[in-house]
Amino acid sequence: MANCFALMGWSLPVIESVQKSGLPYVVVSFPEFGAYAKEHNIPFVGYKLDEFGSHSNSLELVELLKPFNADVAVPLYEETVEWAGALNSIYRDAPRVLNRAFLFRNKAMMKRKALLGGLKVGLFEEVYDREHVHKFLDRLNEAELQLPGEEDAWFHAKPFAAAGTVGHHFVRSRDDIDRKMTVKDFPCLVESHLSGKEFSCEAFIHKGKIRFLNITEYVKLGYSNFIPAGPELEAKRELIHNEVQKMVDIFGIEFGMVHPEWFVSDDGKTINFGEVACRIPGGHILDLCGQAYGFDALLAFVVSHDPNISEEELDKYFPSKGYMPEKKYGNVMVFPKPGQISRLEIPEELLEEPYYLDNNLVEPLGPQKITERSGFGNHFGTVNFAGEDPVRMRELLKHYEDVPFYV
Amino acid sequence: MALTLDQLEDRFLHSLQAFQEAPSFSKDDKRKRLISQIDLLSRNEEGGQLLYHRLPELDESGFFNGTVWENPNNLIPGLVRGTLLAGSPTSTIEMLNEFRILNISEGRISHPDFSAEQARGFIYSMLVNTFELAFEDFEHEGWSARYADGELKKIRMLFGIVRERVDLQQIKPHLLEKIEVIVAHRPVVVTRIKRILSVISRELTLDLSEKQDRRLSYFINTLFGPTELARKYKSPGQYETALENLDADALRQECQEVGKMMVDTGLVSEHQLVLLQFVRKYHTDMIPEVLALNAHGRADYERHQDFVHQIIQDFIVPGNKQAVYGLARVLQRNIFSQKTAWHAINRLVKIKVHPEVAKRLEQGNLTRFDLSPIQSLIGGILCVLGLPLGVRQGNNPTCQSARGISMWSRYAPAKLINMMIDAATTNNVVFRYEGDQIKSQDVTEGLTQQFDFQLDPVSIVLVPLLDKVYNEMMKRAGLKHFGKDPHASVNPAFYGHWIQTGFRSVYNPALHAVEKYDEFVRIFYASFHPDYNGGHHLIYPVPTGIFITDSSAQMLGYHAISLLRIEKVPETEAWRAYFFNPNSQGKQDWGQGIEPTVWDNGERHGESSLPVDEFVSRVYAFHFNELRLEDKHHQVPVETVAKVTRLSKESWGRKYRWI
């Protein structure tokens, strides 16, 4: 069992879970959080966790953490993945752990590793300016055997290291390149479009094996999802399990949790790798997962990083193997619709809905004007549902995506 | 199918447990989730009863800790209505708070600093302040248009339980006091008092052997049946028929009785309007009786009979019957005999109202009667001209505009009517500011974002425009006279020429400090207090900026009022400052024992008053006449200045640096 978990970054739900469990921990985060931590009795080390690079001094951080006896680092932010990797390399005396962290943070490197290992990925390249992108499209069109007058092949441009869909462009034509991409997008990764329905999962890994696999069904990406997924996706559990395990093997992942995104091919028989992160997914997924399976998924996320925990001990933090809950837990993130809003109004029909669980929507601070949203930030809270029928669940989530909660 | 009560209770207990177990930093999130469960229970009586009985546990869990409801001693019964209508989660915590206080009053919860006695006092006071809400069935469509159904169910459930647990007879003295205070103010808008009186007559039993109950009954009668005859023939049609059968003496007596009740209370019944219309047709000589005019009023009436008849016939209808009182007051003030006002009002009755203005006026009609825009406007101007100190700002942050309307009504009726003509026909007003023109229609932003239409028609027409002009002037002043108090140049431009040219403010923005406070106080006394200014009364009202403080003397913000006069309370030797306060609460607690009164200390209708030193201790800026100051300010005694300074330093002054 770990002597002390160093939680890298800031996540109150994780801190809450660990504090309740009684496991020893310390939070490492920006010094600005220090006062808050002190006020709420959170063991804390203030450190400027800037972007990790050759200048970063992880040995200094190890020294600062010595009084806490820390021996396992857990990343809470996308940006602290390398820092946690660096610390764990030292704690486990395994330099490659850090290299693996880089793998998660550089999408081009990630794709190459996947390709080397035999996962199906799209045609991809690292590009440094628009000229490069045009040439990439030439080659992609050529490979697709394009005839004059036919449409260009579709592809995506993504920053090397960013969470979710930040900075992502979906390029559908040559014109799009000049229209959508600007100087500040470069360098980045371009990759041909893989068709199919996107889904993601969370695999809790211990000693290189999947201990627990959560499959989330997205009703609308960035808005609504539920757990466990409906029967269509759950029928593929074994396939997904094998693919994830394959990826874990290829990447050499030993501990922690990974959050890979996949595309189900149109015939439903194969799944193709999109990308993988090893941070807490957004959209309260671990919260839903924990409610659905009846365990503390955030705590499980933390303890899976511990190389010293035994199988039996680990079992205490997870649902029993093969357990499949009856009830689905889902949520929809509420974004106010563009326009003038002045108050929160929970619709009557929601309060009468037996699947409705609760919400944490906030009252707006006075009248305000809402503009078109960018990225997936700035939601005003979530509305949670629980119930057995996945069809009803999808219906509800879809419906409440469009309901104006703010008028 | 909805969840059963048991299922809801399970969920509630589950969320409560999660809240109890949450560490300090996640309490807020868990509280939100718990509140969403409580909201599900708040939709009917059974759920409410359950919450009521679970309150001790909820209180024990620290539910109120870290919220503004934490310490019951800091709660203000007058604010409950606003928070209950503010939507979840605010309304939910407020509702639970009422349950908590009920529990305390019944001894089911014991609180270290809030006794059962205090709890009962709070509940009574809360009920008086939310009286109409407490008995509202929310059937009127206006409610569901403005508030979510679940919120209204919650409020109905709350008061259902409160009414069941509280002896309503106990609140009668509190209600009477509330009514006396409102009536003493003679407000232009009487919607509130009408609602209170109609609820009392419907819900409470009055015992006429009790003095207070007789007084309540008098108010109710004034509004719903002023005479024997009116109580016998309730419907306006029947009453009119009954009037036809009266002989001249009886009719005169009826008129006198009705007129007197109006003068006593400022309230006009439907019967009075019927009576007035009746005598206009058949006994015009009795019009002065219905309007209860004295010799001055009669003279004005006789001089302008035809016009008065036209107004009664065309412009006063059940939807604006308060205009009967307005008309009576206008005649008493002899406004029609002022040439400028006379011409202005003769023009106003002929205008064509701008469609946007008409729309606003319709929104402002809170009665169940039809009311044309021009009727609304004429009725409104009669009331404002008749009751200059009855103008209020409603729930709008527009004290300056309300103060302006009141001031013009009192000192320059023609200016006000003239401005109304512009505003009502063009939905625009034009002001000068330091050589430039400001047109309200060119200004996009005012202070107020969401306009509360519970106002008189004059305010509904003018305030949205004035608010923009004022805001624009303040903006320009901020740029043009950087580092100086913008009021110094804006007040004369906005209100008019009777604003004195001298100006003092306690605050020096360049130094970010309170400066020369001694001199400030001295100049105030030397300018306005008859003991130090040579024994003179004010000629014009003084627009005064004050610090608003709460009952613990904490500074809350700034407010605009007018100082009207400093005079001795009749029959005592105590000097008091009498002022016009455009916000709706006449009776307030400003801390340090400073509580403005609205009656019993020589106030005229609509005035508030305070002992002079207490008043001065809240002032932050005023205009004065420099030419008349001479060295009078040196005569003000040190002790007086010292007392004011102490009151200031220990209240709003705590927030400032003093040099």
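For A/Y356, the parts sitting under 4.5 Å from any heavy atom of chain B are the backbone and the side chain alike. Heavy-atom distances place no part of B/R31 under 4.5 Å from chain A, backbone and side chain included. Only the side chain of A/I42 comes within less than 4.5 Å of a heavy atom in chain B; its backbone stays farther off. When heavy atoms are compared at a cutoff of 4.5 Å, B/R33 approaches chain A by way of both its backbone and its side chain. Both the backbone and the side chain of B/A22 come within less than 4.5 Å of a heavy atom in chain A. For B/E21, the parts lying near chain A are the backbone and the side chain together; criterion is any non-hydrogen pair under 4.5 Å. At a 4.5 Å heavy-atom cutoff, B/S15 makes no contact with chain A through either its backbone or its side chain.
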Which pairs of donor and acceptor atoms, one on a side chain in residues 12-24 of chain A, lie under 3.5 Å apart (sequence neighbours left out)?
unit_1, atom_1, unit_2, atom_2, d
A/E16, OE1, B/S26, OG, 2.6
A/E16, OE1, B/K30, NZ, 3.3
A/E16, OE2, A/K20, NZ, 3.1
A/E16, OE2, B/S26, OG, 3.1
A/E16, OE2, B/K30, NZ, 3.2
A/S17, OG, A/P13, O, 3.3
A/S17, OG, A/D296, OD1, 3.1
A/S17, OG, A/D296, OD2, 2.9
A/Q19, NE2, A/Y25, OH, 3.2
A/S21, OG, A/V18, O, 2.6
A/S21, OG, A/L23, N, 3.1

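In terms of heavy-atom proximity, B/K154 sits nearest to B/T92 at NZ-OG1, 2.7 Å. The two residues B/I460 and B/L455 come nearest to each other via the heavy atoms CD1-O, 3.6 Å.
Using cut-offs of 30° and 60° for the angle between ring planes, the A/Y36 and A/H40 rings count as tilted. The aromatic rings of A/F295 and A/Y293 lie perpendicular to each other, with more than 60° between the two planes, well past the 30° mark.
Ranking A/N41, A/L344, A/N360, A/N384 against chain B, the residue ahead of the rest is A/N360, based on heavy-atom pairs under 4.5 Å.
Within 6.0 Å of atom CD in A/E326, 12 or fewer heavy atoms from other residues, nucleotides or ligands are found, so the atom counts as exposed in its surroundings.
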